[in-house]
Protein chains: 2
Amino acid sequence: MNKTPSLKDVAEKANVSISTVSRSLNYPEKVDTKTLGRINKVIKELNYRPNRVAQRLRIKEGHRKIIGLLIPDIQNPFYVDVVRGVEDYAYSRNYALLMCNFAQNKEKERMYLDIMVSESVDGMILAPFDKYDQDVINLLEKDFPIVCVDRGLADYQDVDIVLVDNERGAFEAVSYLIEQGYERIAYVGGLPSIPTSQQRKDGYVKALQKYNMPVDNELINFGDSKHDSGKVIVRELLQLEKRPTAFFTGNNLITLGALETIHAMNLVIPGDVAIIGFDDMPWSISLNPPLTAVKQPGYEIGKRAADLLYQKIIEPEKPSVKMMLNAKLIIRDSC
Amino acid sequence: MNKTPSLKDVAEKANVSISTVSRSLNYPEKVDTKTLGRINKVIKELNYRPNRVAQRLRIKEGHRKIIGLLIPDIQNPFYVDVVRGVEDYAYSRNYALLMCNFAQNKEKERMYLDIMVSESVDGMILAPFDKYDQDVINLLEKDFPIVCVDRGLADYQDVDIVLVDNERGAFEAVSYLIEQGYERIAYVGGLPSIPTSQQRKDGYVKALQKYNMPVDNELINFGDSKHDSGKVIVRELLQLEKRPTAFFTGNNLITLGALETIHAMNLVIPGDVAIIGFDDMPWSISLNPPLTAVKQPGYEIGKRAADLLYQKIIEPEKPSVKMMLNAKLIIRDSC
DNA sequence: TTCATTTATGATAACGTTTTCATTGATTTA
DNA sequence: TAAATCAATGAAAACGTTATCATAAATGAA
């Protein structure tokens, strides 16, 4: 593989020093138009591109134009929306994006955090592993620019963060179920250590309380945020003697697991059981029946987070902001 | 933000030269156990991590332990599977992964290709924008280590590539439809410029021919590989006077668009229309009815591609290999 | 004892940039 | 005309590593 041309190659061919070539790229107004023309011609001929690695080594922090994005589960369409938002923002500002998926694996998360620091990113956007995530806290304590999305930290409040009002979203969903006349409503959440799982449960409980309905612990369940746990938990619940008549599922993948079980048991939605999912999906409308769901503004979250990070990078002393976006109940035909 | 410690900081604190510290990291057997102990203690104290940027600048190509992954559409679950395969392989070999989504946008693809080269990756895995992708060909001609997945190049055969036998997968799916007694079978493909769209169409045609059925051009359609085009095209087809009784949809997102239309028109699957999708999805089984689909081994593709790339990097002269994996028809209840 | 080898370490160049400072010649000012 | 300013350029340091080479001390062989 033949080496890509460097400043030196351009300089030699254009008969100037590398300083001048570098200048022609960064401060073209400071070099003679004639020289500039000559240099640009050579650059085109050689198809020269600055080496980002060398650039990053030299340039100081906050000016390197690269940010990191660390997500917990790329198989979850919600995070994919977030990714898209961050991507688009980064692209518009000409930032490169170092994206990693830690697959809700603590060890991987640690590795990727290390890599990002070591790759000298200007900052990063991430959803912490859980609310105790010490590795993230360590970075925050070193004033590393970080914006959290989707999940907060329990003991560290001074962070930029973009959240969804999970409690309210859940409250509205469950209220809607109650208003439709459902009485035994089950909650199936994701990992209990993840803040959103708890917040959605809280919304669920508050809705029941508002309508003076009993809160039955048998109906409150947590899984591991994956397809399979939704499938298994819903099956168990449906085998209860007093089985639930409606489900409020706490995330995408759990919703899909729930649907699998419901269809496998040949139950009709919403006749036999109703369901509302937290997290809409692009194809919720393609389901049969189309799924009623709480839509999180994933794309918007990504964009906002990226903007906050950008602000933080250009003004490190900026006080941190907590931003809460609304989730929206989208009523279709599953309840 | 306080600077992360460098070799120099460790060296000073441990009272040795930076050479010795570097050596202690890379060739620990070459430094005195006593010194080594002292250095390691300091490394731990300062929480020193080598700066990957500086490393990469110094280390020569093929030894930098970072590869790029460039995918056309992160919203398509098939590519997410590929990503997961590549990730796992990279993780197992201790390679970092620079992942980018060009969202089937030529300009973005070019930008990301530039970034990857400029970030000095050892090689990259990608699905070309289309079969004429000149930017990719240019890199290949410079002997840049590249492995293609999912899509090939028309005029450049000397590439490592991992494909799915699309034609055969499509052939089997359509044959199955025919055997089930469906007669007016429509094909709805993705972008016609993408090789897979054509190959799946070819399989469709071959199946019809094998069973001596007419090939009706009215029933062969191409969209843009997105949800919406599936939705629209299927609606048009269903409004034909002699409407199709079965659909063979050419990718994930088109399948979902098709389902949306079918449900919206209150047609029953498979009673009124049958459907087989190319590309299974993790939640195909959660659909109602569970979807019959051709499953591509996305994860496997990712792993194989990563392995091929690894081989190519450590042995650049290795002749390139073309690998074809089978797709598998998974029969559920939609036909 | 003397010379050769081995072991442990350090000094330094190099990777490809950006930036500071110095230098030169040209232009302006007094 | 001399002094001061300005414009255009180049030399060199720095970023944080790795690797080559040199050096010194310790060990071994004769």
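We name chains A, B, ... by the order of the sequence lines, and we start the count at 1 in each one.
- Rounded to an integer number of Å, the gap from CD1 of I59(A) to C1' of dA13(D) is 16 Å.
- In this structure, K3(B) atom NZ and dA14(D) atom P are separated by 14 Å, rounded to whole Å.
- Partners of K13(A) by salt bridge (Lys or Arg N to Asp or Glu O under 4.0 Å), not counting sequence neighbours, listed by chain and number: E45(A).
- Between G298(B) and F78(B), the shortest heavy-atom distance links the atoms CA-CE1, 3.7 Å.
- In this structure, N51(B) atom CG and dT17(D) atom P are separated by 5 Å, rounded to whole Å.
- If you measure from atom CZ of R56(A) to atom C1' of dG16(D), you get 13 Å, rounded to the nearest angstrom.
- As rounded to whole Å, 10 Å separates atom C1' of dG16(C) from atom NZ of K8(A).
- A search for side chain to side chain donor-acceptor pair (under 3.5 Å) contacts involving K226(A) returns nothing, not counting sequence neighbours.
- By the side chain to side chain donor-acceptor pair (under 3.5 Å) test, Y310(B) is found to be paired with no residue, residues two or more places apart in sequence or in another chain being considered.
- Contacts of R56(A) classified as salt bridge (Lys or Arg N to Asp or Glu O under 4.0 Å), with partners at least two apart in sequence or in another chain: E119(A), E119(B).
- Taking K108(B) as the reference, D88(A) meet the salt bridge (Lys or Arg N to Asp or Glu O under 4.0 Å) condition, with sequence neighbours excluded.
- For DNA chain D, the residues of residues 26-50 of chain A within the heavy-atom distance limit of 4.0 Å (strictly under) are V31(A), D32(A), T35(A), sorted by number.
- R38(A) contributes a side-chain N or O that, together with a main-chain N or O of A14(A), makes up a donor-acceptor pair within less than 3.5 Å.
- Separating the CG atom of L25(B) from the P atom of dT17(D) is a distance of 9 Å, rounded to the nearest angstrom.
- Here S22(A) lies in heavy-atom contact (under 4.0 Å) with a base.
- Atom CG of L57(B) and atom P of dA14(D) are 17 Å apart (whole Å).
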Extract from the structure each pairing of a protein N or O with an N or O of nucleotides 10-13 of chain C at less than 3.5 Å, listing the distance.
| unit_1 | atom_1 | unit_2 | atom_2 | d |
| --- | --- | --- | --- | --- |
| dG10(C) | OP2 | S17(B) | N | 2.8 |
| dG10(C) | OP2 | S17(B) | OG | 3.0 |
| dG10(C) | OP2 | T20(B) | OG1 | 2.6 |
| dG10(C) | N7 | R23(B) | NH2 | 3.1 |
| dG10(C) | O6 | R23(B) | NH1 | 3.4 |
| dA11(C) | N7 | S19(B) | OG | 3.1 |
| dA11(C) | N6 | S19(B) | OG | 3.1 |

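- Remark: E12(A) pairs with no residue by the salt bridge (Lys or Arg N to Asp or Glu O under 4.0 Å) rule, at least two apart or across chains.
- The CD-C1' distance, from E61(A) to dG16(D), rounds to 15 Å in whole Å.
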Acceptor/donor pairs from residues 314-325 of chain B side chains to any protein atom, 3.5 angstrom cut, sequence neighbours excluded:
| unit_1 | atom_1 | unit_2 | atom_2 | d |
| --- | --- | --- | --- | --- |
| K318(B) | NZ | D160(B) | OD1 | 2.9 |
| S320(B) | OG | D158(B) | OD1 | 2.7 |

